Number of protein chains: 2
Amino acid sequence: MNLKTLALELGLSPTTVSRALNGYPEVSEATRRRVREAAEAANYHPNTQAKRLATGRAMAIGHIIPISDRHEIVNPVFADFIAGAGEVYARAGYDMVMTIVPDDSEARAYAELRSKGNVDGVLIHAPKVEDHRIAMLDTLGMPYVLHGRVSGSDSAFSWVDVNNKRAFERATNFLLDLGHRRIALINGIGEMDFARRRRRGYEAALKARDMAIDPALIVEGEMTEAQGHDAAREMLQWPDPPTAFLTASLLSAMGARRGIEEAGLVMGRDVSIVTHDDELGYLKNGTAEEPIFTATRSSVREAGRRCAALLIEQIESGDCRPRHELMEAVLVVGQSTGPVPTQ
Amino acid sequence: MNLKTLALELGLSPTTVSRALNGYPEVSEATRRRVREAAEAANYHPNTQAKRLATGRAMAIGHIIPISDRHEIVNPVFADFIAGAGEVYARAGYDMVMTIVPDDSEARAYAELRSKGNVDGVLIHAPKVEDHRIAMLDTLGMPYVLHGRVSGSDSAFSWVDVNNKRAFERATNFLLDLGHRRIALINGIGEMDFARRRRRGYEAALKARDMAIDPALIVEGEMTEAQGHDAAREMLQWPDPPTAFLTASLLSAMGARRGIEEAGLVMGRDVSIVTHDDELGYLKNGTAEEPIFTATRSSVREAGRRCAALLIEQIESGDCRPRHELMEAVLVVGQSTGPVPTQ
DNA sequence: GGAGCTGTCCAAAGCGCTTTGGGCGGGCGA
DNA sequence: TCGCCCGCCCAAAGCGCTTTGGACAGCTCC
């Protein structure tokens with residue numbers, strides 16, 4: 001079923017049918033209703049490709065996912081972010097097109113997407129402290145929104161981010177207030193912008209109390225269960241072990257807990273943990289009211305929604321002035337923290 | 001830059017340029033090379049929408065993801081599967097388009113995708129024992145491949161699946177051979193086809209040794225860390241607790257381990273765990289050679305690749321005879337299993 | 001030397017939609 | 001009554017590509 005045959009059946013011209021369906025005013029309400037009903041009955045949906053070609057709008061948003069050996073972008077956080085963004089796309093009538101590329105051809109993938117014209121904009125994941133994608137996208141002239149920020153670029157772009165620095169500063173202060181002095185930071189990969197900001201927050205809190213920063217207490221890497229476990233296990237064997245861990249993800253926190261328990265210690269009594277919690281659908285920190293881990297909590301799915309909304313707004317308005325949205329994490333207290341144990 | 005201007009610059013007709021680039025024989029090698037070079041230099045890529053409209057091929061594969069309150073499809077397994085499929089799509093020149101829909105309008109989403117013509121086929125996730133999507137897709141006449149199977153349908157369709165029954169039968173036998181008699185099954189959601197098959201495998205192994213099946217030892221639900229923890233914690237308080245757990249995912253296994261340790265027991269000595277391991281990029285079972293958990297291992301990312309390959313083959317050949325691929329899981333021995341402790 | 005290939009190229013007709021630029025008749029103001 | 005506007009509708013021209021149906025030269029072969 002296409003426009004032409006539908007128009008024929010209705011005894012109207014394709015023009016009128018198209019206009020009726022797309023809400024143009026040059027068609028009487030009576031015909032519009034008649035057309036709408038016929039379209040409904042015939043389960044008619046305009047052919048996407050034709051529509052796209054005619055309007056020049058792809059009605060699709062691109063996500064480029066580099067696959068590398070070093071770094072797994074396809075992680076649980078990513079999945080939830082996608083889910084959030086996808087909800088918004090669907091409501092707005094956009095497709096989400098994902099391209100998996102070997103990370104050495106990421107730049108080419110953007111350029112291709114642009115020149116093939118199959119997306120109206122792209123969403124950028126996991127920005128690094130200095131991210132070459134920014135400059136490239138600016139030269140390509142394709143609308144984009146970052147999930148996160150970059151520190152190393154002066155270019156003005158749109159982003160949605162959590163206030164990572166503030167969240168980790170607050171978390172650190174929370175632990176300091178409980179009397180902890182040896183606080184380990186089990187962070188994400190160092191070159192990631194979010195990890196850098198979290199570290200800055202941690203360091204800022206320590207500095208504000210005139211405390212030295214011990215580099216040995218800082219671990220950076222992929223935020224896995226193994227990371228948390230290995231770090232905790234090792235540090236707890238030191239002569240002056242940390243009394244608290246600040247971890248960057250629930251998985252790392254779970255690993256740290258395991259390390260603590262393996263050392264014959266009790267989490268929340270002997271050793272405290274504060275973690276960041278992205279509120280993943282599949283990895284919950286207990287219940288909302290009774291969390292297991294004390295955590296800085298911020299929904300990454302909501303971040304996905306906001307990124308998508310921002311990008312669509314930018315595309316549809318044609319107004320490319322950069323927009324920002326800074327989300328604040330809430331600090332929820334769970335069972336994983338307590339006052340520093342007295343010797 | 002489009003075909004017409006490129007042709008003009010070259011002093012050729014659009015026809016010839018198109019044919020040169022698409023490898024048709026009616027053009028001399030000399031011109032073909034000239035055209036290729038000019039296209040390269042101008043960074044010319046044919047407009048996707050126009051190409052699609054002209055050929056009638058969408059060059060895209062659809063994934064429909066229902067979002068519900070009851071059940072989270074956006075899980076780590078899903079993410080890895082997508083990554084695998086996406087690799088193959090990219091190599092074959094296909095886009096991956098994902099549509100997030102509220103689960104009550106899933107059927108409509110497929111019909112729309114079909115009539116809007118923006119995909120050439122779809123990949124079906126997480127089939128249930130009886131899955132209404134099969135009948136619907138058959139009436140729509142759109143190529144599809146299932147990741148998994150359905151038991152309740154006689155319709156002939158293509159699928160890629162792990163031999164879940166055999167895997168869990170082997171795992172159960174492995175535990176039985178170690179002397180375990182009270183083996184708990186911490187399974188996925190019961191209406192899921194894979195969970196049903198895993199349960200059948202577990203039951204078959206018990207029956208083969210004339211052992212009764214204790215329904216109390218079977219738990220079905222979302223495969224989260226909490227699920228494993230809660231189940232283990234409760235069962236270990238019974239007067240006749242299980243001596244082994246068979247879990248359906250690494251997260252559940254991690255939860256079960258926590259439950260075991262909370263009970264003051266040692267995994268691998270007092271209580272054994274065998275789990276299924278999907279080899280997720282972000283959730284590793286130790287290293288390949290030295291796994292933490294004894295596990296039935298099968299890469300879900302590889303399953304994604306094979307699903308994608310099957311679907312593309314089906315689409316491009318136009319031969320819609322169903323194809324199947326049954327992957328076997330390997331049973332790897334880790335540190336989580338040992339002989340049943342003597343009282 | 002002319003018929004018949006063959007290799008190389010092109011003009012033009014779509015693909016299914018949107019959009020521009022009218023056409024036509026009825027109601028209104030002068 | 002005439003002219004004009006306005007509401008409603010349509011024909012036709014694209015969007016950028018593929019593909020059909022030749023055209024034309026150079027060649028072989030009898």
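The figures here come from the full heavy-atom set of this structure, side chains too, leaving out hydrogens, waters and symmetry mates. We name chains A, B, ... by the order of the sequence lines, and we start the count at 1 in each one. Predicted, not measured: the structure shown is a model, and the values here were computed from it.
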For A:Leu53 and B:Glu26, find the nucleotide of DNA chain D closest to each by heavy atoms; which residue's nucleotide sits nearer the 5' end? A:Leu53

Could you say whether B:Thr15 or A:Pro14 is positioned toward the 5' end of DNA chain D, judged by the nucleotide with the nearest heavy atom to each? A:Pro14

Neighbour count above 12 (heavy atom, 6.0 Å) for A:Arg36 CZ: yes

If you apply the rule side-chain contact (heavy atoms from CB on, under 4.5 Å), what do you find for A:Asn118 with B:Asp95, and how did you get there? CA-CA 9 Å; A:Asn118 45 2; B:Asp95 280 347; 3.1 Å; yes

Do B:Arg32 and B:Tyr24 have side-chain atoms, one donor and one acceptor, less than 3.5 Å apart? no

More 5' along DNA chain C: B:Ser13 or A:Tyr44, using each one's nearest nucleotide? B:Ser13

For A:Arg19, report the nucleic acid contact type (base, sugar-phosphate, nothing); a contact means any heavy atom under 4.0 Å. base

Pick base, sugar-phosphate or nothing for B:Gly11, based on heavy-atom distances below 4.0 Å to the nucleic acid. sugar-phosphate

A:His324 and A:Trp159 aromatic ring geometry - parallel, tilted or perpendicular at 30°/60° bounds: parallel

Looking only at side-chain N and O atoms, does A:Thr16 come under 4.0 Å of OP1 or OP2 in D:dC9? no

Please test A:Tyr144 against A:Asp138 for side chain to side chain donor-acceptor pair (under 3.5 Å), starting from the C-alpha separation and ending with a verdict. CA-CA 9 Å; A:Tyr144 65 94; A:Asp138 283 337; 2.9 Å; yes

Verify the ring-centre separation between A:His63 and A:Tyr89: is it less than 6.0 angstrom? yes

Below 4.0 Å from chain A heavy atoms, what is the first contacting nucleotide of DNA chain C and what is the last? C:dG16 to C:dG21

